[in-house]
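Report on one structure; see the data block that follows.
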Amino acid sequence: MVQIFTSSGLSRLVHIDLHTAGQCIPVAQMGGGRLIFDEPVALPDTVGEVRMRIDGFPAGAPAVTKRWRVLLHAIGDPSREISANFQPIP
């Protein structure tokens with residue numbers, strides 16, 4: 001979970017998860033052609049889906065979920081960082 005502060009000083013909570021091979025793995029950060037995890041993960045070259053849920057703003061507004069199809073380029077050993085290609089899912 002990541003907390004993002006808006007220009008008005010209010011914050012939003014952001015949850016990012018990787019869904020692949022029947023697993024749901026929390027993601028610390030994404031972007032720049034990679035996924036970064038809090039703990040090392042061992043994954044093969046595979047496809048999955050990244051889901052980012054942004055809690056509602058202002059308070060009471062519905063949460064927004066964004067999704068990407070992702071192709072992972074594993075390195076074999078457990079790692080906190082894995083290269084990935086992202087494709088937005090409408």
Task: Trace of the side chain to side chain contact (heavy atoms under 4.5 Å, CB included) decision for Ile89 with Trp68 - done: CA-CA 5 Å; Ile89 298 173; Trp68 293 263; 5.6 Å; no
Open item on the list: Quick check: is Val41 connected to Ile36 through a chain of hydrophobic side chains (ILVMFWY, heavy atoms under 4.5 Å apart)?
Closed with: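 They do not share one cluster, since no chain of ILVMFWY contacts under 4.5 Å joins Ile36 to Val41.
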Task: Gln29 side chain near Val27 side chain, heavy-atom distance below 4.5 Å - done: no
Open item on the list: Closer than 3.5 angstrom, by distance alone: can the side chain of Thr20 be matched with the main-chain N or O of Val47 as a donor-acceptor pair?
Closed with: yes
Grab the two heavy atoms, one from [X] and one from [Y], that are nearest each other, plus how far apart they are.
X: Cys24; Y: His19; answer: SG-CE1, 3.4 Å
X: Val70; Y: Glu49; answer: CG1-N, 3.9 Å
X: Asp45; Y: Ala74; answer: OD1-N, 2.7 Å
X: Leu72; Y: Pro44; answer: CB-O, 4.4 Å

Open item on the list: Set out, in order, the CA-CA distance, both residues' side-chain angles and the distance that settles side chain to side chain contact (heavy atoms under 4.5 Å, CB included) for Leu35 and Ile25, then state yes or no.
Closed with: CA-CA 11 Å; Leu35 293 173; Ile25 304 167; over 6 Å; no
Task: Intermediate values then yes/no, side chain to side chain contact (heavy atoms under 4.5 Å, CB included), Arg53 and Asp17 - done: CA-CA 9 Å; Arg53 184 175 144 241; Asp17 295 302; over 6 Å; no
Open item on the list: Using 0.5 Å steps for rounding, measure from the CE atom of Met30 to the CZ atom of Phe37.
Closed with: 10.5 Å
Task: From CG (Asp55) to CG (Leu13), nearest 0.5 Å - done: 5.0 Å
Task: Pairs meeting criterion salt bridge (Lys or Arg N to Asp or Glu O under 4.0 Å) with involvement of residues 78-90, two or more places apart - done: Arg34-Glu81
- [ ] Output, in order, the C-alpha distance, side-chain angles, deciding distance and verdict of side chain to side chain contact (heavy atoms under 4.5 Å, CB included) for Gln23 and Leu18.
- [x] CA-CA 8 Å; Gln23 300 180 69; Leu18 169 64; over 6 Å; no
